[in-house]
Protein chains: 2
Amino acid sequence: MPRTIEKAMRVLDLFSLECPEWGVSEVARALKLPKSTVSELMSDLAKQRLLSRAAAKGRYRLGWRLFELSQTLLDTTRFRIEARRVMEELVRCWQETVHLAVLDGVQAVYVEKLQPTPAVKIGISRAGARLPAYCSGVGKVLLAHSEWKYVTEQLEDQGMPSLTPNTVTTLDALADELKRVREQGYAYDHQETLVGLCCVAAPIYDSRGTVIAAISLSVPDYRFHPAKSKYTSAILDAARRISENAGHALEEYPGY
Amino acid sequence: MPRTIEKAMRVLDLFSLECPEWGVSEVARALKLPKSTVSELMSDLAKQRLLSRAAAKGRYRLGWRLFELSQTLLDTTRFRIEARRVMEELVRCWQETVHLAVLDGVQAVYVEKLQPTPAVKIGISRAGARLPAYCSGVGKVLLAHSEWKYVTEQLEDQGMPSLTPNTVTTLDALADELKRVREQGYAYDHQETLVGLCCVAAPIYDSRGTVIAAISLSVPDYRFHPAKSKYTSAILDAARRISENAGHALEEYPGY
DNA sequence: CTGGTATGTTCGATATAGCCGAATACACCG
DNA sequence: CGGTGTATTCGGCTATATCGAACATACCAG
């Protein structure tokens, strides 16, 4: 179990929107490691272009090799192109925010976020953001179709802190909820991530019938309830079209 | 000098558009390393979410952590938003391919590529692609404004293979060319990357007057020469607008 | 022009941590 | 069922990452 990789990731994880630049000493302080260790580690990360620095002894930024690798990841994620097309249509039609997410461990990673043009920004979500899956619509859809044994293990380790009063915070409650999600073929999020915000989310299947992603509509509370069923069928239809394009034969699966 | 990082990158670099999935044995064979070593390394990369695998013992794909990190890189690259706006305008106006690139070492990395809608695809370039800088328009612009000492060192190591008969292949010729680029404030690429393709490229400055990126128009040979000067002033104008938006006071620099 | 306190890098002895071969386990195929 | 192909586990060896001290710079205030 190469600890070097882990340490390297702890360094990379420091870089964020708020703190996009880090010096050796700052990192050493933040991670409580000797400066010398950090200096060598970061210089090597820079050699591999995972980090870059403007001046020869200046502070570091994230390196373009990350973008490179990320692009080959995206370019080999087939459903993304069709998903984007359908998402654009959804936004145009409903004037609400649409998310596309994949499961990574027990966390949902937003692959794409589309908003009605010059809208009020919703919450903190952005493409590339990572969020515990148990407390969002897309997340619950993804968990519902993954191995329960693994999910419990992970969540027992990581805990289930509540983001709002409505967040599911026990494994039992989550098991019930996921069962419902599987049966009905979609998931609601009633202000579980953010107070005042509701979502409907539906699974995207590939040709083997595996759930590979989830798509959701996010709508402010007051606008959501009156038209709940309309939003639901809209997101189901969108998910179905993306799945079909990915080669999925739909008839056999629930919710359609 | 942590060799672990280097090895990890050698693994990640195997993943490409053509080969997006790798098993442990395949990687071991490709890198001529013991399976056991590779197994542990890749399993750890997966723990850090730099790799992911569908099944518990299946083949690996690139992991979403890469996308996550890449997004914070992009989101902290300020000039990108304005650059994209200007690029869209360029494409609409000239109906030609536009590239945005940054320098990484002595290689150019394409940050963005825009094409006239359903056009013939130009060459192999795509966002996220990496290309030796000495043989492209954007590359020469970027090299022209970076430290010559470092450039020579690197190019002596890496060599300067020619991609077309027109490629600059000696340091002396490159020095001359870069001098010209600095003086005139833009660079031409006359079929140096790809036979039949020409470019004009111009530098993008930040508020401190540092060149942070380059933008280019790529035009088929036969269309380029008749309208060379039009394309040139178009790309200069675009670069100027992006630079200004990035806080650059333009008057003091050549080429404008 | 100091002395003080930041910064980042270099070095070498130390012990840790990653490495590799052999053994294990599982899948698939004829 | 043996014969391939996967991938993982184990443990001993040694290479290798680590850490503190020393060394460079740079900056600021007295």
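Note that the structure is a prediction, hence the values are computed from the model and not measured. Reminder, nothing fancy here: chain letters follow the sequence lines and each chain counts from 1.
Contact annotation: A:Lys57 does not reach the phosphate of D:dA24 (side-chain N/O to OP1 or OP2, under 4.0 Å). Residue B:Ser39 has no polar side-chain atom (N or O) positioned under 4.0 Å from OP1 or OP2 of D:dA7. For the OP1/OP2 pair of C:dG18 and a distance below 4.0 Å, the side-chain nitrogens and oxygens of B:Thr4 include no atom meeting the criterion. Side-chain N/O atoms of B:Arg59 include none lying less than 4.0 angstrom from OP1 or OP2 on D:dG5.
Heavy-atom distances to DNA chain D give each of A:Leu41 and B:Arg53 a nearest nucleotide, and the one nearer the 5′ end belongs to B:Arg53.
In this structure, A:His145 and A:Tyr205 have perpendicular ring planes: the angle between them is above 60°, well past the 30° mark.
Separating the CD atom of B:Glu6 from the P atom of D:dA15 is a distance of 17 Å, rounded to the nearest angstrom. C:dC19 atom C1' lies 14 Å from atom CG of B:Asp44, rounded to whole Å. Atom P of nucleotide D:dA17 and atom CE of A:Met42 are separated by 18 Å, given to the nearest angstrom. When the P atom of D:dA17 is taken as reference, atom NZ of A:Lys7 falls 11 Å away, rounded to whole Å. The CG-C1' distance, from B:Leu51 to D:dA7, rounds to 15 Å in whole Å. Here D:dA17 presents its C1' atom at 12 Å from CZ of B:Arg3, a figure rounded to the nearest Å. Rounded to whole Å, the distance from CD on A:Glu40 to C1' on C:dG12 is 11 Å.
Shown here for B:Pro20 and A:Thr76, the closest heavy-atom pair between the two residues is CB-CG2, 3.6 Å. Pairing each heavy atom of A:Ala187 with each of A:Gly137, the nearest pair is CB-O, 3.8 Å.
Heavy-atom distances under 4.0 Å link DNA chain C to B:Pro34, B:Ser36 of residues 26-36 of chain B, given in residue order.
A:Lys113 and A:Ser125 share a side-chain donor-acceptor pair at under 3.5 Å.
Within a 6.0 Å sphere centred on CZ of B:Arg126, other residues, nucleotides and ligands contribute more than 12 heavy atoms.
Base pairing in DNA chain D yields stems of at least 3 consecutive Watson-Crick or G-U pairs, both distances under 3.5 Å, namely C:4-7 with D:24-27, C:9-30 with D:1-22.
Using a 4.5 Å cut-off on side-chain heavy atoms (C-beta onward), A:Val211 and A:Ile204 make no contact. For the pair B:Ile215 and B:Ile242, the minimum side-chain heavy-atom distance is below 4.5 Å.
Among the protein residues, A:Gly58 comes within range of no part of the nucleic acid, since none of its heavy atoms lies under 4.0 Å from any strand.
Not a single donor-acceptor pair under 3.5 Å links the side chain of B:Gln184 to the backbone N or O of B:Val181.
For A:Phe67, the ring pair (Phe, Tyr, Trp, His ring centres under 6.0 Å) partners at least two apart in sequence or on another chain are A:Trp64.
For A:Ser25, the listed nucleotide lying nearest its side chain is C:dG8; candidates were C:dC19, C:dC11, C:dG8.
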